[in-house]
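Here the structure is a predicted model, which means the values were calculated and not measured.
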Amino acid sequence: MALLAGFFVFFGSESRPGHPQPRQGPPGTGPLTVVAMGDSTVSGEGAGQYTPATNGQGGNWCHRSPNAFVEKIAVPGVTAHVNLGCSGAPAEQVALGDVKQWTEGSQAQQLAALVKDHRVAAVVIAVGANDEPKFSNQVTECFKAWFDPGGPPCSTALKQSWQSKVDAMVPKVAKAVSDVKTVLAQAGYVPADYQLIVQSYAAPIGPDLPEDLRTLNGCPFRVEDLRWISQTGIGVLSSGLKAAAQQSGARFLDLAKAGVKHEACSGGANPATEWFTRLTLQLADLGRTERAGHALQESFHPNAAGHAALAQCLTEFIAAGDGNASCLAGADGKLHAAPEVVAR
């Protein structure tokens with residue numbers, strides 16, 4: 001029934017002056033489409049099989065994968081899935097403007113071109129970690145702290161600055177989301193025509209992992225840092241992204257706890273249970289100057305199994321049609337969109 005409800009959400013109607021018969025679904029021509037925009041968690045970094053054009057060709061390292069979650073979303077009526085995400089993208093590259101990421105221009109402007117021959121039913125946006133929080137840089141700092149056990153854990157400094165970094169990120173994400181709304185409005189869309197979704201990030205690593213994998217063989221981090229990232233850092237980041245979603249009129253899907261018990265290295269000798277990549281080094285790239293700097297790029301990102309799990313949750317969330325939710329594991333071990341309980 002939820003999926004059927006989602007079908008009618010997409011093909012819902014809104015009466016307009018001078019139009020006695022309401023329009024059915026998004027305007028324009030072309031297939032009904034779900035679009036994903038944002039950074040590496042959207043593009044499919046870590047999920048492998050990257051399209052050649054985004055795997056270093058001409059300096060493009062967006063790393064878009066056919067295994068990315070947007071390709072796996074299954075909602076009745078939606079026949080096209082478009083991934084505009086780019087690894088490392090800041091909010092300003094998602095927004096309208098001149099900022100580029102790995103040779104690619106504004107994702108919002110790419111969306112403007114797309115709506116000329118696609119009918120957009122939903123836009124999913126995940127961005128912000130590469131702005132002031134600079135999450136990948138923080139992971140690097142925590143990696144360095146593991147090499148220096150006599151020094152302070154990386155979380156010592158983060159505890160002092162993380163909230164202010166997230167606060168500075170919020171308006172940039174809100175601006176990017178608002179620009180997406182502007183693009184669709186200019187193409188003749190009204191809010192009832194599509195769903196606009198902001199999603200947060202899942203913690204890729206957690207404190208409960210085998211000691212023999214807290215090494216260069218898997219996840220070289222100190223326990224206190226892993227605990228802070230998974231129990232505090234990701235939650236603060238999610239709260240900031242929820243604020244950005246509220247400011248820009250988008251629905252919000254919280255992924256903060258989506259990876260619990262499936263983090264990198266959590267499976268020990270059975271990595272097949274993990275939804276995130278461990279420390280990953282592409283040895284073949286080290287011998288090529290133009291690729292060597294990207295040899296570690298896939299580390300600690302959702303893998304193909306992780307993207308498939310997220311797609312299950314997103315499918316439910318889109319079908320629900322309204323409200324906010326969290327991706328949480330159910331009794332069946334799969335991720336489900338648990339609706340947010342609003343206090344009355």
Side-chain angles (χ1 to χ4, degrees), residues 2-16 18-38 42-44 50-54 60 62 64-86 89 93-97 104-127 176-199 248-251 253 307 310-311 314-322:
L3 289 177
L4 190 59
F7 181 86
F8 287 114
V9 167
F10 287 148
F11 289 92
S13 61
E14 176 160 323
S15 297
R16 297 182 173 205
H19 292 262
Q21 294 299 319
R23 183 173 71 218
Q24 297 299 305
T29 59
L32 202 61
T33 306
V34 172
V35 180
M37 306 173 68
V42 174
S43 70
Y50 311 111
T51 58
T54 65
N60 187 324
C62 285
R64 281 194 283 274
S65 169
N67 299 315
F69 68 76
V70 66
E71 306 289 353
K72 310 297 181 182
I73 292 171
V75 175
V78 172
T79 58
H81 305 78
V82 176
N83 189 351
L84 300 180
C86 183
Q93 193 256 342
V94 174
L96 292 168
E104 293 199 3
S106 161
Q107 292 181 35
Q109 289 173 345
Q110 294 178 53
L111 177 66
L114 179 74
V115 295
K116 294 177 181 178
D117 54 13
H118 288 70
R119 300 169 66 231
V120 175
V123 179
V124 183
I125 303 171
V127 74
V177 179
S178 294
D179 281 0
V180 169
K181 292 174 65 176
T182 296
V183 165
L184 292 174
Q186 291 174 343
Y189 285 67
V190 296
D193 289 329
Y194 67 100
Q195 292 187 46
L196 183 62
I197 297 165
V198 170
Q199 72 176 33
S248 52
R251 300 177 68 198
L253 183 61
H307 276 274
L310 292 175
L314 264 164
T315 294
E316 291 185 5
F317 186 62
I318 292 171
D322 59 15

query: Is R64 paired with E71 through a side-chain N to carboxylate O contact shorter than 4.0 Å?
result: no
task: Rounded to the nearest 0.5 Å, what's the gap from CG on L96 to OG on S178? Could you check?
output: 10.5 Å
task: Begin from the C-alpha positions of Q93 and Q107 and carry the test side chain to side chain donor-acceptor pair (under 3.5 Å) through to its verdict.
output: CA-CA 6 Å; Q93 193 256 342; Q107 292 181 35; 2.7 Å; yes
- request: Side-chain contact test, heavy atoms from C-beta onward, threshold under 4.5 Å: evaluate it for K72 versus T315 and give yes or no.
  value: no
message: Would you say that L111 contacts L184 through its side chain, given a criterion of any heavy-atom pair below 4.5 Å between the two side chains?
response: yes
Heavy-atom closest contact (V177 atom, S248 atom, distance): CG1-OG, 3.3 Å
message: Could you check whether any side-chain N or O of T182 sits under 3.5 Å from a backbone N or O of V180, counting only pairs where one atom can act as donor and the other as acceptor?
response: no
- line: Closest non-hydrogen contact found for S106 with A95 is OG-O, 2.7 Å
message: Nearest 0.5 Å, please: how far is OG1 in T79 from NE2 in H118?
response: 8.0 Å
- prompt: Which residues satisfy the ring pair (Phe, Tyr, Trp, His ring centres under 6.0 Å) test with F317, sequence neighbours excluded?
  reply: none
task: Kindly give the heavy-atom pair with the smallest separation between G38 and V127, and that separation in Å.
output: CA-CB, 4.3 Å
- prompt: Any donor and acceptor pair, going by atom type alone, linking the side chain of E104 with main-chain N or O of C86 inside 3.5 Å?
  reply: no
message: With side-chain contact (heavy atoms from CB on, under 4.5 Å) as the criterion, how do I73 and V78 come out once you've worked through the C-alpha distance, each side chain's angles and the decisive distance to 0.1 Å?
response: CA-CA 9 Å; I73 292 171; V78 172; over 6 Å; no
query: When you measure from the side chain of H81 to the backbone N and O of V35, does any donor-acceptor pair fall under 3.5 Å?
result: no
message: Nearest 0.5 angstrom please: I197 CD1 to I318 CD1, how far?
response: 4.5 Å
field: Side-chain touch L253/L314, heavy atoms, less than 4.5 angstrom
entry: yes
- prompt: Going by heavy atoms in the side chains, are D179 and V183 under 4.5 Å from each other?
  reply: no
field: Spatial distance of atom CE (M37) from atom CG (L196) [nearest 0.5 Å]
entry: 9.5 Å
field: Minimum-distance pair of heavy atoms, taken over all atoms of P27 and D193
entry: CD-OD2, 3.6 Å
message: Determine whether a donor-acceptor pair (N or O, by modelled atom type, separation under 3.5 Å) exists between the side chain of T54 and the backbone of N60.
response: no
field: Spatial distance of atom CZ (R119) from atom OG1 (T29) [nearest 0.5 Å]
entry: 8.5 Å
query: Which atoms form the tightest heavy-atom contact between P31 and T33, and what is the distance?
result: O-OG1, 2.8 Å
- request: Please check if the side chain of Y50 supplies one atom and the backbone of S43 the other of a donor-acceptor pair under 3.5 Å.
  value: no
- request: Give me the ring orientation class for H307 and F69: parallel if the planes are under 30° apart, tilted from 30 to 60°, perpendicular past 60°.
  value: parallel
- prompt: Can you check side-chain contact (heavy atoms from CB on, under 4.5 Å) on V70 and V124, steps first, answer last?
  reply: CA-CA 8 Å; V70 66; V124 183; over 6 Å; no
